[in-house]
Peer 1: 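The structure's right below; bear with me while I get my questions together.
Labels below follow one simple rule: chain letters A, B, ... track the order of the sequence lines, proteins then strands, and each chain is numbered from 1.
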Protein chains: 2
Amino acid sequence: MDDRKRKVLLAIVHDYIATAEPVGSRTIAKKYRLGVSPATIRNEMADLEEQGYIEQPHTSAGRVPSERGYRYYVDYLMEKEQLSREEEEIIRRGYETKVKDVGQVIHKTGQLLSQLTHCTAMVLTPQIGTSCFRHIQLVPMHSSQAMVIVVMDNGIVHHRMIETPDSISSTDMETLSKVLNAKLQGLTMESIKLTLMKEIYLELGRYKHILDLAMELMQDSLVLKTEDKIYLGGVFNMLSQPEFHNVEKVKTMLSIMEQEKMLHELLACESQDDGVTVRIGGEIKYNVIRDYSMVAAPYSVSGQKIGSIGVLGPTRMEYAKVISIVDFMTANLSQVLERLILGGGK
Amino acid sequence: MDDRKRKVLLAIVHDYIATAEPVGSRTIAKKYRLGVSPATIRNEMADLEEQGYIEQPHTSAGRVPSERGYRYYVDYLMEKEQLSREEEEIIRRGYETKVKDVGQVIHKTGQLLSQLTHCTAMVLTPQIGTSCFRHIQLVPMHSSQAMVIVVMDNGIVHHRMIETPDSISSTDMETLSKVLNAKLQGLTMESIKLTLMKEIYLELGRYKHILDLAMELMQDSLVLKTEDKIYLGGVFNMLSQPEFHNVEKVKTMLSIMEQEKMLHELLACESQDDGVTVRIGGEIKYNVIRDYSMVAAPYSVSGQKIGSIGVLGPTRMEYAKVISIVDFMTANLSQVLERLILGGGK
DNA sequence: TTTAGCACTCAGCAGCATAGAGTGCTAACA
DNA sequence: TGTTAGCACTCTATGCTGCTGAGTGCTAAA
């Protein structure tokens, strides 16, 4: 792959990304000023096609980058693109208001991501793994109902209504809360389950029913807070791209969007890697989305990866820009979440 | 409008709903056996057209119901349709699992609604208005941070991280919680704000900073829990309907879906009325969605309307069925929520 | 009042010719 | 040996034509 071939490939990728039309030799010669005639470029293109970097939709059309071509572009040709001031400004402003809870942050992140990339944004909600128990509170509500509230070290709060036997008074509940707090504070769920429970049950055996329910909630706080939702945004945004002129494509795309489970696996697996990952076409495991590309990256709080954000779009996407944006957004999101989860913000 | 005209109109509406094709006189004569010849039906159709109940897409096409026609159908001709056993079964099963928190219920409701109606489902999250303060808890977290948790009478729980001055100890927080609980329990937010705050500030003046933050959260618990989100489901579902063969329509529909604000107003205004409301085409205030119809109804908990669910679809929708489904679903949702919010369920 | 018959309209489709974009190949040129 | 001009070739897209069939409205007879 000599230098001129690289230049031709770069030109093809750039032009195709910009116009969504197959690129002909004349166009390259004129627009990209390689200093050679269309005929020469045609020769180069024939070679590139033989090597699998570009393809022809039909005989009398220009060339289009193949998946391999995009891959080569992303790995070797692409120049990193800085975010424009304007873009950075949009992001900063986006987080200025409305950052009162994690859900809102996730939502906003998705919005910004799709707005800036013109693709569909996917944001995995933070999944906070091991954490310590901090506080439990039983609050009497109605006659025979109470609310259990469990606070974890990482700021996660869970609550649930439970039925209480009539025999229990509100002072009982207060005592119960106190004992549980004293015994359990600072422990992880695992250790609570394994060791201490027997002791507690022995001591507070007569409240067994409530204890059971409270424990269940505590467990859920840990396990279920893998309440792994995905925020999806800007599907419409993407549909204005020319690849979706065809109704069938729109429909497959939308049906993909409704398969949350798949999207989830898609994003979750990305979060294994560090930094921004780019998957192009067939590199995505799922057959349904083989025609699209995905750019994703994990975000983290206090050094621990707790989720990821990603962008799904046509293989013909502005990789350079999208990658920078995803990169910038993860950093930003990490910061915002850090402030929010670990406190410090208003 | 004589009896035969009504029958013809009914036939046209039914057939058009079923096939999405303009209905001709021959079709009606053959399929709907009115006992008269196509020519007679043609005469009736000419009258119906003159009266504005049906329209002709072009000269050599059959007739299509106009908005007025649909309206007449919904008001006078339509027969209520019972849900099939199968459908009831689907709904019941849908709620069997996964009913642990309000969000999930809303989500599931949207899913079911769209699945059964083949339209886009919209579910407004419960907006619980006046409620009493039940419990406040300050939980120390890290060195200079604490979590405020506010529990309302109706089972709503809010929490937020706040900064605490270093001078405050965890026992201080305990005391603070206790005093606040004692003073405020059972009051509505309004009365708290108006009368009691001065007294409390006097007593606990040195914690002013924390009190401010706590009060802010309490206020939000009331006001902000108009966290009026809309759950949207089954957009894809609807796009498989023939009206969306045209890409432009798909796009407008999707752009509508992304205008949360509008959808929200749309649903919110419905919840004024009792029972199921049907808006057809231009009866919807917003110009963008003039080509669609909407069936909506409020749901309630302990007699109070706290939200609504709705269905948005092409004017050519199965009104009879959709109306029954929306009706059934609101009743069901009310029940499920009642159990969840007021406690009782596991 | 109903109906049969008939002329008329019009969307949709197939068939065909044309234009234009782009290629590959060949032969000439540096 | 690499580059380029020229040319024949291919194939899509577009627009035109004429035909078909569905469906109507009108008229006149039952």
Side-chain angles (χ1 to χ4, degrees), chain A residues 1-9 11-16 18-66 69 242-243 245-247, chain B residues 1-9 11-16 18-66 69 242-243 245-247:
Chain A
M1 177 81 100
D2 62 35
D3 193 55
R4 196 169 61 195
K5 274 199 184 50
R6 269 198 286 272
K7 274 185 185 148
V8 172
L9 179 54
I12 292 175
V13 172
H14 270 166
D15 209 74
Y16 187 64
T19 66
E21 298 286 322
V23 191
S25 51
R26 250 179 70 91
T27 316
I28 295 181
K30 257 202 291 186
K31 268 213 237 171
Y32 294 86
R33 313 187 162 275
L34 302 196
V36 291
S37 77
T40 312
I41 293 176
R42 278 208 286 283
N43 287 331
E44 300 287 21
M45 289 190 349
D47 290 352
L48 283 170
E49 181 157 12
E50 208 174 324
Q51 291 165 63
Y53 292 109
I54 56 180
E55 290 166 349
Q56 243 180 324
H58 58 262
T59 334
S60 75
R63 300 308 211 289
V64 160
S66 66
E243 5 274 298
H245 271 336
N246 154 355
V247 190
Chain B
M1 177 80 100
D2 62 34
D3 193 55
R4 196 168 60 194
K5 274 197 185 48
R6 269 198 284 272
K7 274 187 185 149
V8 171
L9 180 54
I12 292 174
V13 173
H14 269 165
D15 208 74
Y16 186 64
T19 65
E21 299 284 324
V23 191
S25 51
R26 250 177 70 90
T27 317
I28 296 181
K30 256 202 292 186
K31 268 214 236 169
Y32 294 85
R33 314 188 160 273
L34 301 195
V36 290
S37 78
T40 312
I41 293 176
R42 278 206 287 283
N43 287 329
E44 299 286 21
M45 286 186 357
D47 291 351
L48 282 170
E49 181 157 12
E50 208 174 325
Q51 291 165 64
Y53 292 109
I54 55 180
E55 290 165 350
Q56 242 179 326
H58 58 262
T59 334
S60 73
R63 301 307 210 290
V64 161
S66 67
E243 6 274 297
H245 271 336
N246 153 357
V247 190

Peer 1: Provide the closest heavy-atom pair for A/Y16 versus A/V23 in the form atom of the first, atom of the second, distance.
Peer 2: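 Heavy atoms only, the tightest pair is N-CG2, 3.8 Å.
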Peer 1: Rounded off to whole Å, could you give me the NZ-to-P distance for the B/K31 and D/dG23 pair?
Peer 2: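 These atoms are roughly 11 Å apart.
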Peer 1: Looking at residues at least two apart in the chain, or sitting in another chain, which of them share a side-chain hydrogen bond (donor to acceptor under 3.5 Å, both in side chains) with A/K5?
Peer 2: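 In terms of side-chain hydrogen bond (donor to acceptor under 3.5 Å, both in side chains), with neighbours along the sequence ignored, A/K5 is linked to A/E44, A/D47.
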Peer 1: Take atom CZ of A/R6 as the centre, draw a 6.0 Å sphere, and report whether it contains more than 12 heavy atoms from other residues, nucleotides or ligands.
Peer 2: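 Counting neighbours around CZ of A/R6, more than 12 heavy atoms of other residues, nucleotides or ligands fall under 6.0 Å, so yes.
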Peer 1: Taking only residues two or more places apart in sequence, or in another chain, which ones meet B/E49 in a salt bridge (Lys or Arg N to Asp or Glu O under 4.0 Å)?
Peer 2: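 So B/E49 forms a salt bridge (Lys or Arg N to Asp or Glu O under 4.0 Å) with B/R63.
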Peer 1: With rounding to the nearest 0.5 Å, note down the distance linking CD1 in A/I28 to CZ in A/R33.
Peer 2: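 Between A/I28 CD1 and A/R33 CZ, I get 14.5 Å after rounding to 0.5 Å.
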Peer 1: In whole Å, what is the span from the NE2 atom of A/H58 to the C1' atom of D/dA13?
Peer 2: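 Spelled out: NE2 on A/H58 to C1' on D/dA13 is 9 Å.
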Peer 1: Using whole Å, what does the distance between atom C1' of nucleotide D/dT3 and atom CG of A/D2 come to?
Peer 2: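 Taking CG of A/D2 and C1' of D/dT3, I get 14 Å after rounding.
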Peer 1: Mark up nucleotides 18-27 of chain C, 5' to 3', with B wherever a protein heavy atom is under 4.0 angstrom from a base atom, S wherever such an atom reaches only the sugar-phosphate, and - elsewhere.
Peer 2: ---BSBB---
